[in-house]
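The model shown is predicted, which means the values in this text are computed figures rather than measured ones. Note that the numbering runs from 1 along the sequence shown for the chain. Just so you know, ligand 1 is whichever comes first in the structure, and atom 1 is the first atom listed for that ligand.
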Amino acid sequence: MIDTHSHMQDAKFEPDLETVLKRAKQAGVNSIITAGVDLEDSRKALQLSELHSILHPVVGLAPYSDQLQIDDVLTFITEAGKKIVGVGEIGLDYPWKKRPEQVEPFRKQIQLAKDLGLPVTVHSRSAGKYVLDILEEEQAEKVHLHSFGGSKQDLKRIVDLGYFVSITCRVITSERLQNLAKILPEELILLETDSPVLSASEGRNEPAKLVESLNFLSKLLNIDAKELEKLTEKNSKRVFGQNI
Ligand SMILES: [Zn+2]
């Protein structure tokens, strides 16, 4: 299995990262993408990925981080070049902060990802339509929508655009996410934990828990678990490259 979105450099993993990664491997997770949310965090994601071969970094400036860092983050992404597998997480976050200043950094990071031939991992909490408008205007090429929770209408548009969508462990308890998963074409499905958050139960989430959503989805979508594993791995590599 491939966990296409997590934050393994998060302080919550500092005390026992080695054990967490070991548990992931034992559960059958052979690749984990760890995403940065600002300059410092992106640096950590890159450093940590150099220490642990199971980790692969995507770096960027999230819409909920300090948008004034954008120029430094763009420089960092450019310098990181081939060491990263994508640009993210980037996007829009309308409900918490109605800030128009999120838009330019989002656009600039999409453009840079295109220039570097890298995919983008997009955060779009409650901003589905606006995020899709911008991705379409910027002609983003490889797009991974993480923790997608938009409308069925947005999902239709996503499918038409050929963007990939990762399903979180929350699908186990959310009927709404289950209904979205059912209409997502097989070739666009990815799996993610968003560790340390978005656990299906209480407490810290971790990549090993991906197996729970894989098994749940296998039943929900009526696809053999091994098949679904292969399928989502193949899809993940179509987005982030064969080296993940
Ligand atoms: Zn995230």
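Ion pair K114/E138 not flagged as a salt bridge, since none of the NZ, NE, NH1 or NH2 atoms sits closer than 4.0 Å to an Asp/Glu carboxylate oxygen. With respect to E233 and K230, no salt bridge is recorded, no charged nitrogen being found less than 4.0 Å from a carboxylate O. One finds no salt bridge joining D3 and K209 here, because no Lys/Arg side-chain nitrogen approaches an Asp/Glu carboxylate oxygen to under 4.0 Å. Salt-bridge check for K156 with D160: failed, with every basic side-chain N at 4.0 Å or more from each acidic carboxylate O.
The nearest N/O/S atom of H7 to the Zn ion (ligand 1) is NE2. Minimum-distance N/O/S atom of D194 relative to the Zn ion (ligand 1): OD1. The Zn ion (ligand 1) is closest to atom OE2 of E89 (considering only N, O or S atoms).
Residue H146 does not count as close to the Zn ion (ligand 1), with no N, O or S atom under 2.8 Å. At least one N, O or S atom of H5 sits under 2.8 Å from the Zn ion (ligand 1).
Ring pair H146/H123 is tilted by interplanar angle, where 30° to 60° counts as tilted.
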